Amino acid sequence: NFVYHELMNVYLEFGFVSDSIQCFRLIRKHGIAMPFRQCARLFDHLLKNRTPEMALGFYLEILDHGYPPNVYDFNIMMHMFCKEGKIKDARLVFEEIRKRGLKPSVVSFNTLINGCCRVGEVEECFRLKEEMDKEKILPDAYTYNALIKGLCKDGRLEDADRLLDEMWERGLVPNNIIYTSLINGHCKHGRVELGLEMYGQMLKKGLRPDLFTYNTLVYGLCKKGDIQQANKLVEEMACR
RNA sequence: UACUCGUGC
């Protein structure tokens, strides 16, 4: 019994992760209970060093073993799948949250919305936003940023602007990140003037544009060939 | 306590 647990730890120490998993299975087969901390340790290891597929596979095994499911764990795996563009898998993990009797959190939604917008599935993003409404989960700045990025990418800049207004209406304060996403959208679609306009709005609202914001605008101006204006902006930046 | 967001290189 203890021998198994020790063996599992030793395998893990030396990076023989799959051996460690085999060990876990062996322990179970013998009907010996594996402490949850031990499960968590191995699972963490898979999250950090292995694929989301592997982590998920193992996670389902330990859930089966009685390990208490938690939303954070699912969120992390969703995020890993999204980073690899495997939205389909991210979705499956998302659905698994409810199957296990938990409720997706605002982070769960944000992660999935962000993943969908990354691959250009804007409609899906908004479907999810409606789902949030139904579940009484309030969209936050992360949610709006993902939606705005999705719309920009899709060339729907006017809709993106409208979402920014919606934020103010709902009492949410758009931050630098949101503004920079929007400014970037305008610049990337050849409308640097609109980007500069948003920049002006930031100042008026009392926000302090940061390096990301300035880089975005300066890059846009340079690409357009307006070196004058770019220089002006750099000076302005230096004064702040 | 731990999970999600923006520019360039």
Side-chain angles (χ1 to χ4, degrees), chain A residues 36-37 39-41 43-48 52 55-56 59 67-87 90-91 93-94 96-97 100 102-119 122 125 128-129 131-132 137-153 157 160-161 163-164 167 172-189 191-192 194-196 198-199 201-202 207-224 227 230 233-234 237:
Chain A
F36 290 157
R37 320 188 330 273
C39 298
R41 204 165 103 77
F43 175 60
D44 267 352
H45 194 90
L46 292 176
L47 286 180
K48 290 196 186 74
L56 179 59
Y59 195 65
Y67 188 86
N70 106 324
V71 179
Y72 277 49
D73 292 334
F74 285 113
N75 289 347
I76 295 170
M77 291 185 286
M78 278 177 51
H79 187 218
M80 290 170 78
F81 277 124
C82 285
K83 273 192 299 195
E84 298 182 4
K86 296 172 177 165
I87 304 305
R91 264 225 84 90
V93 175
F94 184 84
E96 198 63 31
I97 296 175
R100 301 289 166 168
L102 301 171
K103 284 182 57 96
S105 67
V106 63
V107 174
S108 314
F109 277 101
N110 290 345
T111 304
L112 192 55
I113 289 176
N114 200 39
C116 289
C117 108
R118 261 190 38 145
V119 300
V122 189
C125 293
L128 286 163
K129 186 183 181 239
E131 207 174 303
M132 289 177 79
I137 294 175
L138 296 177
D140 62 12
Y142 286 83
T143 320
Y144 277 98
N145 189 48
L147 294 169
I148 285 173
K149 268 191 311 177
L151 288 172
C152 286
K153 191 174 170 176
L157 294 157
D161 284 339
L163 269 187
L164 186 76
M167 282 191 79
L172 289 168
V173 179
N175 54 26
N176 275 2
I177 295 180
I178 306 234
Y179 270 102
T180 304
S181 294
L182 201 45
I183 289 173
N184 186 44
H186 282 122
C187 288
K188 287 289 189 312
H189 286 270
R191 304 300 304 276
V192 187
L194 294 179
L196 287 168
M198 305 257 43
Y199 165 73
Q201 189 182 132
M202 283 180 82
L207 284 162
R208 300 194 50 81
D210 57 20
L211 267 183
F212 284 89
T213 319
Y214 283 109
N215 272 338
T216 305
L217 280 167
V218 170
Y219 185 84
L221 285 166
C222 288
K223 215 171 48 174
K224 181 183 153 209
I227 311 298
L233 204 59
V234 171
M237 169 176 76

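In the text below, chain A, chain B and the rest are named by the order of the sequence lines, each starting its count at 1. No experiment lies behind these values; they were computed from the predicted model shown.
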task: Verify the distance criterion only: is there a donor paired with an acceptor across the side chains of A:Ser108 and A:Ser105 at less than 3.5 Å?
output: yes
field: Rounded distance in Å - CG (A:Asn175) to P (B:rU7)
entry: 13 Å
Donor-acceptor side-chain pairing of A:Tyr214 and A:Tyr199 below 3.5 angstrom: yes
task: Ignoring backbone atoms, test whether A:Lys153 places a side-chain nitrogen or oxygen under 4.0 Å from the OP1 or OP2 oxygen of B:rG6.
output: no
message: With hydrogens left out and only the distance checked, is there a donor-acceptor pair under 3.5 Å joining A:Asp210's side chain and the base of B:rG6?
response: yes
- prompt: Under a 4.0 Å heavy-atom cut-off, which of residues 211-220 of chain A touch RNA chain B?
  reply: A:Phe212, A:Thr213, A:Asn215, A:Thr216, A:Tyr219
- line: Closest non-hydrogen contact found for A:Ala141 with A:Asn175 is CB-ND2, 3.9 Å
query: By salt bridge (Lys or Arg N to Asp or Glu O under 4.0 Å), which residues pair with A:Arg191, not counting sequence neighbours?
result: A:Glu193
message: Using whole Å, what does the distance between atom C1' of nucleotide B:rG6 and atom CD1 of A:Ile183 come to?
response: 10 Å
task: Establish, from distance only, whether the side-chain atoms of A:Ser181 and A:Asn145 form a donor-acceptor pair under 3.5 Å.
output: yes
- prompt: Within the structure shown, what part of the strands sits under 4.0 Å from A:Asp140 by heavy-atom distance: base, sugar-phosphate, or nothing?
  reply: nothing
query: Over how many whole Å does the gap from A:Leu196 atom CG to B:rU7 atom P extend?
result: 18 Å
task: Answer yes or no: side-chain N or O of A:Thr180 and base N or O of B:rG6 forming a donor-acceptor pair under 3.5 Å.
output: yes
message: I want to verify a distance call: between B:rC5, B:rA2, B:rG6, whose nearest atom is closest to the A:Asn176 side chain?
response: B:rG6
query: Expressed in angstrom and rounded to an integer, what is the separation of A:Leu147 atom CG from B:rG6 atom P?
result: 14 Å
- prompt: Which of these nucleotides, B:rC3, B:rG6, B:rG8, is closest to any side-chain atom of A:Lys188?
  reply: B:rG8
statement: Atom NZ of A:Lys149 and atom C1' of B:rG6 are separated, to the nearest Å, by 7 Å
- request: Spell out, as yes or no, whether a donor-acceptor pair under 3.5 Å connects the side chain of A:Asn114 to the backbone of A:Cys117.
  value: no
query: Does A:Leu207 have any side-chain contact (heavy atoms from CB on, under 4.5 Å) partners at least two apart in sequence or in another chain, and if so, which?
result: A:Asn176, A:Tyr179, A:Met202
- prompt: Nearest of B:rC3, B:rA2, B:rG6 to any side-chain atom of A:Asn75?
  reply: B:rC3
- request: Return the value, rounded to whole Å, for the distance between atom CG of A:Asn184 and atom P of B:rC9.
  value: 11 Å
statement: A:Leu233 atom CG is separated from B:rG8 atom P, nearest whole Å, by 16 Å
message: Rounded to whole Å, how long is the line connecting atom OH of A:Tyr142 with atom P of B:rC3?
response: 10 Å
